[in-house]
Q: 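The following block contains the structure, expressed as structure tokens.
First the proteins, then the strands, lettered A, B, ... as listed; each starts at 1.
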Amino acid sequence: MESYNHEQIEKKWQKKWDEEKLYLTQERADKKKCYVLDMFPYPSGEGLHVGHPKGYIATDIYSRHKRMSGFNVLHPMGWDAFGLPAENFALKNKVHPRVAVEKNIARFKEQLSGIGFSYDWEREINTTDPEYYKWTQWIFLKMFEQGLAYESHEPINWCPTCLTGLANEDLEGNECERCGTVVEKKPIRQWVLKITDYAERLLEDIESLDWPESIKESQRNWIGKSEGAEITFNIKHHDVGVRIFTTRPDTLYGATYIVLAPEHELMDKLKVEIKNWSAVEKYIQEASEKSDLDRQKNEKEKTGVLLEGVVAINPVNNEEVPVFVADYVLSGYGTGAIMAVPAHDERDFAFAKEKNLIIRGVVVPEGNVNPEDYELLLVSPTSKSVTEYILKYGPYTGTGYLIDSGEFNNQKSEDVKEKITKKVGGEMKTKYRLRDWVFSRQRYWGEPIPIIHCEKCGPVAVPEEDLPVVLPEVEHYEPTGTGESPLASIDSWVNTTCPTCNGAGKRETNTMPQWAGSSWYHLRYIDPKNSVEFADKEKEKYWSPVDMYVGGAEHATRHLIYARFWHKFLFDIKEVNYSEPFKRLQHVGLILAEDGRKMSKRYGNVVNPDDIVHFYGADTLRVYEMFMGPFAQSVSWNTESIIGPRKFLERVWRLQEIVVEGDDSLETILHKTIQKVGSDIENFAFNTAVSQLMIFLNEVEKNKKIRTSSYVAFLKLLAPFAPHIVEELWEKMGNTSSVHLEPWPEYDASKLISDTVSIPVQINGKVRGLIEADFDITEEEVLARIKKSATISRWIVGDIQKVIYVPNKLISLVI
RNA sequence: GCCGCGGUGGCGGAAUUGGUAUACGCGCACGACUCAAAAUCGUGUCUCGCAAGGGAUGAGGGUUCGACCCCCUCCCGCGGCACCA
């Protein structure tokens, strides 16, 4: 027997599979489909490190297993090549982004091909291909048509390093997610997508998804639903009122002042009324200059100014209350105005204390109160005593029974929210934290937004037949920093005619963000070459939705929200059949460097998969990465440990020497292995699947022989994990077609049970011995055997009071 | 602060979801083969103890014949949200 030469074997089969187009996918009515998708990579200049393929290995194993189990599997790959990373790389290396991307893709592809993935490369897509982004632009126009894409001049987050506007999702705290620079607020014209129209559905449908709880939770937090009421406080001697938003209308009787956000529109209208306008104006000015960072730093410190001469009226009791402007109220949320209830809200309490304002409690806590103090409340539930209590302990933000609330006294706070709102003519309202998606970037390397600006007609959609609007060649593609994209300087491209009136028009020069192309790419794989329609309806119906989606958890509140939003929109305009794109999602845990840090060129700790493939082989790499630990968990790479999987494959290689005809001794373990490997793959528990394969191999070696049929079954179980070595061994058995087209072995449930069992004997909760017995031994027999055994029965001192027998598992005696 | 996930040998991690804790692998130690080394194979490897036994799944309590698993109170790590009314 020649020794295991991984390099030769792997090259041989990769070439052959490719030539035979083994993994080509077509729609087939006779088979159930399974769509297995990886989050496609940005082809960055650094190339793949050893962590990138982890997810791809998992989906490859999953796909191969599904194929062998009779499914028609769609398993494609492509490139998310627009956006800042690609552009920044190009700028740094002084090459055109298009050239850089082409080069990087070639490099990525070469690296991937060495690992033996079963992608259908005929469906390869690239978001920067005009034939691809034609449809990205098309979707944008459909949204524009429906009023979901609109122009806005609101101040947005601006990264002073990347020189572009950003969406909320592009921030980490208040830093640019790309470069870590603290963002500024900048008022520039921009395109915005109305994702907030979908907030409720995006939230509701989370429940239907087979996704990790942590990602679902992140999305719920990101959408941030809260239910409350909008209530108007009239302003004395004035015909306008202040519309406030509160989640606690039940505390309306406790409202002792009103606060407006500095940017509130009422400020201008009340200008003449406000006696101390210069002070107020100064405060507003200062607030606008404060960065978000300053605001957060001084979270505890509440600042604000009283609007002298302005008095609001609490609609529930006609009480006159003062009005403040303070930056602890945010203009972007709710109505930008609140009623302040210092007795029952931390922030209002802090502000009231600072400014010495009235604090009036109207809700009595339910339990959990210092008994002495609670007595104070119960004996005399008056404003005074409650206020004393609150001053002593701080605000009570829970629910309870109302006091000092007129007709609502003694009712539970939860029960009166709607009643009180109704009484004052307010309205129950639901608010979301989610903001509309700032969709324009002032950068070169992105999809041009297909809009033409006309002085007469306003923004006009580029007619569908004129798509794609191709990104023009440009001499300088560096960002300008002016709020205009580099495209603005190409007059010949910018100046065009208005499609509506044929007058002079100017093209929109902003481009789309990084996330545009990836928001629908899962659909492009279904019909990757279609240039006449978005996607063939029959094909879409056949493949949709994605059955298994695998990628990093860092996309929880970015790509995964955007893609759900676009998909729902496409569902609404009847382009797709399902309202959710990704039925099941697994997230892949990072592979960290040996030093526990992220792998990065910067730290010089990158392990290149090419080296591992060359030295240990792709099959070893695959088995190792799956064996390292639970799939979703991060683990540190450890080149020392990779020897384990390598030795395992070498031992598998030697197995061919001990294949015999007729030997039944491995039946039970074989069927257990078939069962466990299959269910583990389905559950993404690859580490225990590999471990079970190792256990089986250990048993075979102990047995010193394996019969042909068991060997065949074992090879098939290993095939998804180590496709090359198995294919070689399969061929050596005399087979002429690929093992990867073979059916997955089935297990026989009756053979899972071994003839004998060993039953631990517990006496008063401690294991005192083992009873080796035939399967299905009765309780009486076990007890008899215990009595016979001196080493066990010596522990029985006194009467047996209770016997718990779990058949074939355990017996427990209580003395 | 709120929410979610987690904490098991020297290391990565198993444990059929309440039934022999530490599978599988790495590392380490010893042995075989060898002139020698590598490779390979074998044995051992949670801890205290000569042993009989005892103790241990972040800490402490509880439920149970029996708890890594369920309940309560804490501690630590990771992730999301956070002046969102």
Q: Give me syn or anti for B:G9, where syn covers glycosidic angles within 90 degrees of 0.
A: syn
Q: For residues A:N605 and A:M599, report the shortest heavy-atom separation together with the two atoms involved.
A: OD1-CA, 3.4 Å
Q: Just compare B:A85, B:A52, B:G4 and give me whichever is closest to any side-chain atom of A:F245.
A: B:A85
Q: In whole Å, measure the gap between the P atoms of B:G79 and B:U73 for me.
A: 26 Å
Q: Sort out the partner of B:A39 for me: Watson-Crick or G-U wobble, both distances under 3.5 Å, none otherwise.
A: none
Q: Expected output is a numbered-order residue list: members of residues 805-815 of chain A with a heavy atom under 4.0 Å from any atom of RNA chain B. What is it?
A: A:V806, A:K809, A:L810, A:S812, A:V814
Q: In the structure shown, which nucleotide is the Watson-Crick or G-U wobble counterpart of B:C24, with both distances under 3.5 Å?
A: B:G12
Q: Looking at A:Y333, I'd like to know whether one of its side-chain N or O atoms comes within less than 4.0 Å of OP1 or OP2 on B:A85.
A: yes
Q: Answer with base, sugar-phosphate or nothing: what part of the nucleic acid does A:S758 contact at a heavy-atom distance below 4.0 Å?
A: base
Q: Send over the distance from A:Y432 OH to B:A85 P, rounded to a whole Å.
A: 13 Å
Q: Are any of the side-chain heavy atoms of A:H264 and A:V329 separated by less than 4.5 Å?
A: no
Q: State the pairing partner of B:U73; accept Watson-Crick or G-U wobble contacts with both distances under 3.5 Å, and report none otherwise.
A: B:A59
Q: By the definition side-chain contact (heavy atoms from CB on, under 4.5 Å), identify the one residue from A:T251, A:L402, A:I231 that meets it with A:I420.
A: A:L402
Q: In whole Å, what is the span from the CD1 atom of A:I206 to the P atom of B:C81?
A: 13 Å
Q: If we count only N and O atoms by modelled type, under 3.5 Å, do the side chains of A:S679 and A:Y747 hold a donor and an acceptor together?
A: no
Q: Taking the C1' atom of each, how far is B:C46 from B:G9, in whole Å?
A: 5 Å
Q: Inspect the contact between A:K431 and A:E230 and indicate whether a charged nitrogen and a carboxylate oxygen are less than 4.0 angstrom apart.
A: yes
Q: Are any side-chain N or O atoms of A:R248 and backbone N or O atoms of A:T397, one a donor and one an acceptor, separated by less than 3.5 Å?
A: yes
Q: Mind checking whether A:H6 and A:D619 have side chains closer than 4.5 Å, heavy atoms only?
A: no
Q: So which nucleotide from B:C24, B:C83, B:G80 ends up closest to the side chain of A:D327?
A: B:C83
Q: If you look at every strand shown and take non-hydrogen atoms under 4.0 Å, does A:R220 touch a base, only sugar-phosphate, or nothing?
A: nothing
Q: Taking the same atom, P, in B:C68 and in B:U20, what whole-Å distance lies between them?
A: 10 Å
Q: Expressed as a whole number of Å, how far does the C1' atom of B:G10 sit from that of B:C33?
A: 29 Å
Q: For A:R794, which contact category applies under a 4.0 Å heavy-atom criterion: base, sugar-phosphate, or nothing?
A: sugar-phosphate
Q: Mind running side chain to side chain contact (heavy atoms under 4.5 Å, CB included) on A:N221 and A:T557 for me, showing each step along the way?
A: CA-CA 9 Å; A:N221 286 341; A:T557 55; over 6 Å; no
Q: With A:E227, which residues qualify under side-chain contact (heavy atoms from CB on, under 4.5 Å), at least two apart?
A: A:K225, A:T430
Q: In whole Å, measure the gap between the C1' atoms of B:A67 and B:G19 for me.
A: 10 Å
Q: With P as the reference atom in both, quote the distance from B:G58 to B:G49 in angstrom, rounded to an integer.
A: 24 Å
Q: Using a strict cut-off of less than 4.0 Å between a Lys/Arg side-chain nitrogen and an Asp/Glu carboxylate oxygen, indicate whether A:E346 and A:K302 qualify as a salt bridge.
A: no
Q: For residues 647-656 of chain A, which residues have at least one heavy atom under 4.0 Å from RNA chain B?
A: A:K647, A:R651, A:R654
Q: For B:A85, what is the paired nucleotide under Watson-Crick or G-U wobble rules, both distances under 3.5 Å?
A: none
Q: Does A:Q633 place a side-chain N or O at less than 4.0 Å from the phosphate oxygens OP1/OP2 of B:G6?
A: no
Q: Distance check needed: B:G79 P versus A:W211 CH2, whole Å only.
A: 21 Å
Q: Side chains of A:W515 and A:D170: do they bring a donor and an acceptor to under 3.5 Å?
A: yes
Q: Could you tell me how far apart A:K216 (NZ) and B:C81 (C1') are, to the nearest whole angstrom?
A: 18 Å
Q: Quick one: do A:R558 and A:E172 make a salt bridge, cutoff under 4.0 Å?
A: yes
Q: Are side-chain heavy atoms of A:D327 and A:Y283 found at a separation under 4.5 Å?
A: yes
Q: Near RNA chain B, which residues from residues 249-261 of chain A have a heavy atom under 4.0 Å away?
A: none
Q: State, yes or no, whether a side-chain contact exists between A:D348 and A:T256 at a heavy-atom distance under 4.5 Å.
A: no
Q: Which listed nucleotide (B:C3, B:C65, B:C24) is nearest to the side chain of A:E217?
A: B:C3
Q: B:G53, B:G19, B:G25: which one has an atom nearest the side-chain heavy atoms of A:Q762?
A: B:G19
Q: With both distances under 3.5 Å as the test, what is the Watson-Crick or G-U wobble partner of B:G79?
A: B:C3
Q: Both distances under 3.5 Å, Watson-Crick or G-U wobble: report the partner of B:G49, or none.
A: none
Q: Tell me, with the steps shown, if A:W637 and A:E625 meet side chain to side chain contact (heavy atoms under 4.5 Å, CB included).
A: CA-CA 9 Å; A:W637 178 265; A:E625 293 210 356; 3.6 Å; yes
Q: Is A:K647 salt-bridged to A:E650, cutoff N-O under 4.0 Å?
A: no
Q: Using whole Å, report how far CG of A:L592 lies from P of B:C78.
A: 13 Å
Q: Hey, is the side chain of A:N638 poking within less than 4.0 Å of OP1 or OP2 on B:G25, counting only N and O atoms?
A: no
Q: What distance, rounded to whole Å, do you find between the two P atoms, one in B:C70 and one in B:C5?
A: 11 Å
Q: Which class fits the ring pair A:F351 and A:F324: parallel under 30°, tilted 30 to 60°, perpendicular over 60°?
A: perpendicular
Q: For A:D345 and B:C83, what is the distance between atoms CG and C1' respectively, to the nearest whole Å?
A: 9 Å
Q: Is there a residue in residues 764-778 of chain A whose heavy atoms reach under 4.0 Å of RNA chain B, and which residues are they?
A: A:G765, A:K766, A:R768, A:L770
Q: What integer number of Å spans the P atoms of B:C69 and B:A59?
A: 11 Å
Q: Which of residues 680-694 of chain A sit near RNA chain B, with a heavy atom under 4.0 Å from it?
A: A:N687, A:T688, A:S691, A:M694
Q: Looking for any heavy atom pair under 4.0 Å, which part of the strands does A:P212 touch: base, sugar-phosphate only, or nothing?
A: nothing
Q: Starting at CH2 of A:W222 and ending at C1' of B:C2, how long is that distance when rounded to a whole Å?
A: 17 Å
Q: Compute whether any side-chain donor of one residue and acceptor of the other, for A:Y253 and A:N314, lie under 3.5 angstrom apart.
A: no
Q: Enter syn or anti for the glycosidic conformation of B:U73, syn applying to angles within 90° of 0.
A: anti
Q: Only pairs with both distances under 3.5 Å count, Watson-Crick or wobble alike; so what is the partner of B:G66 in this structure?
A: none
Q: With sugar-phosphate meaning primed atoms plus P, OP1 and OP2, does A:I695 contact a base, only sugar-phosphate, or nothing at under 4.0 Å between heavy atoms?
A: sugar-phosphate
Q: Name the nucleic acid region contacted by A:W637, choosing base, sugar-phosphate or nothing; use a 4.0 angstrom heavy-atom cut-off, strictly under.
A: nothing
